[in-house]
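Data block below; observations after.
Owing to the predicted nature of the structure, the values given are computational and were not obtained by experimental measurement.
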Amino acid sequence: MVKLASAEAATQKKATRAALGATLAELADAGVPVVAVDADLTGSTTTKKLADAGHGDRLFNCGIAEQNMVDVAAGLSLAGNVAFTGSFAVFGTGRAYDQIRNTVCYSNLNVKIAPTHAGISVGPDGGSHQMLEDVSLMRGLPGMRVLVPADYAAARAAIKLAAATPGPVYVRMGRAAVPCVYDDDVELQIGHAYVLREGADVTIVANGVEIREALAAADMLAERGVSAEVIDAFSVKPLDGETIAASLVKTRCAVVAEEHSVVGGLGSAVCELAAQACPVPVELVGMRDRFGKSGEFDELLAYFGLDAAAIVEAVEKARSRAGLC
């Protein structure tokens, strides 16, 4: 079982995007041939930290040209580098999708798509910048692995995993500071999900910023006498079907929470698994076929029904459908 953050550490907050540049610098110091290719957002994505750490020759700023950014990363990978792209998720996946599909994935190149500022946690930047389809886009690509870390430590682990895994990997990071979930030196694995809290009455599968909401919801449910099992599906693709299915068999109902559209993301992946391995009622907490809007992160979570209260409500529906309450 992975080591979680201490009670004191769990009160601290840090953005997952802060892990990108710092971890790339750490890898470069260790002799890993990493390079970062950014689209004029090196400060916001934190790839600038790679240059600040003395590896300026490993950072390439392509300007506001995300499609070119991916193609440059592809070329650098063919020269023996482990290439990470930056930019915001809406541009780094949406605008450059053709290049990711036909240049990176089709040729199985060693390129890591690692944008920041995904989801509604972008906040005041509004719906045009709140990318809610990226997991669906990346999950549908042959050969692409998809990782959605819950906190800074998990993001560091994801970046290291991406660097060590040959071929395309997508690492989704956000702008907002989020509570610590894992110990600083946690080691995660692609294809694994992690049971953060054991329970018997309902399974809550979540990832990214929704992990904090899932844990809060579990506390609220405990006060009502409902024991919730909370699973971090850090690896959306490949999904840890064994761990999740075992939980579904035990609890007989589930809620999936993600800061993403309910179409094509983690919720879809879990529903596909349930249909094949353990048909049980599954309720989805996510964005419902709409764009985001400008606002503060916590306000938007409540407004769009992505907070702990919404998860609790979804649990009640799932248990009712399963005939458990």
Checklist entry - What is the minimum heavy-atom distance between Val122 and Arg175, and which atoms define it? => result O-NH1, 2.6 Å
Item to check | Residues Asp38 and Thr47: side-chain donor-acceptor under 3.5 angstrom | outcome: yes
Checklist entry - Between the side chain of Arg319 and the main-chain N/O of Leu324, is any donor-acceptor distance below 3.5 Å? => result yes
Checklist entry - In Å, rounded to the nearest 0.5 Å, how long is the span from CG of Leu266 to CG of Leu284? => result 9.0 Å
Next on the checklist: Go through it in stages, so that I can follow the logic: the residues are Glu272 and Arg139, the test is salt bridge (Lys or Arg N to Asp or Glu O under 4.0 Å), and I'd like the CA-CA distance, side-chain angles, deciding distance and then a yes or no.
Outcome noted: CA-CA 13 Å; Glu272 291 161 14; Arg139 178 174 167 253; 2.5 Å; yes
Item to check | Contact check, side chains of Glu213 and Val285, non-hydrogen atoms, under 4.5 Å | outcome: no
Checklist entry - Minimum heavy-atom separation for Ile211 to Ala150, with atom names? => result CG1-CB, 3.6 Å
Item to check | Atom pair NE2/OG of His192 and Ser235 - distance to nearest 0.5 Å | outcome: 8.5 Å
Checklist entry - So if you build clusters from Ile, Leu, Val, Met, Phe, Trp, Tyr with side-chain heavy-atom gaps below 4.5 Å, do Leu141 and Met69 land together? => result yes
Item to check | Single-linkage hydrophobic cluster, 4.5 Å side-chain cutoff, Leu161 and Ile113 together | outcome: no
Item to check | hydrophobic_cluster_shared for Leu109 and Ile190, side chain cutoff 4.5 Å | outcome: no
Checklist entry - Do Asp184 and Lys14 meet the salt-bridge criterion of a basic N to acidic O distance under 4.0 Å? => result no
Next on the checklist: Parallel, tilted or perpendicular: which one describes the rings of Phe91 and His129, with boundaries at 30° and 60°?
Outcome noted: perpendicular
Checklist entry - Less than 4.0 Å between a side-chain N and a carboxylate O, is that true for Lys160 and Glu26? => result yes
Checklist outcome for this item: On a heavy-atom basis, the closest approach of Ala96 and Glu66 is CB-O, 3.8 Å
Checklist entry - For the residue pair Glu259 and Leu132, what are the closest heavy atoms and their distance? => result O-CD2, 4.0 Å
Checklist entry - Hey, any chance Val280 and Val249 share a hydrophobic cluster, counting ILVMFWY side chains that come within less than 4.5 Å of each other, even indirectly? => result no
Checklist entry - For Leu78, does the CG atom sit with more than 12 other heavy atoms under 6.0 Å from it, leaving out its own atoms? => result yes
Checklist entry - Any idea which heavy atoms bring Ser247 and Ile231 closest together, and the distance? => result CB-CD1, 3.7 Å
Item to check | Any donor-acceptor N/O pair, Arg172 side chain to Pro149 backbone, under 3.5 Å | outcome: no
Next on the checklist: As an exercise, state the distance from CE of Met131 to CZ of Arg95, rounded to the nearest 0.5 Å.
Outcome noted: 11.0 Å
Checklist entry - Side chains of Glu229 and Thr251: is there a donor and an acceptor less than 3.5 Å apart? => result no
Checklist entry - Under the 3.5 angstrom rule, does the side chain of Asp232 hit a backbone N or O of Leu196 as a donor-acceptor pair? => result no
Item to check | Same apolar cluster (I L V M F W Y, side chains within < 4.5 Å links), Val104/Phe60 | outcome: yes
Checklist outcome for this item: Taking every heavy atom of Ser44 against every heavy atom of Thr116, the minimum-distance pair comes out as O-OG1, 4.3 Å
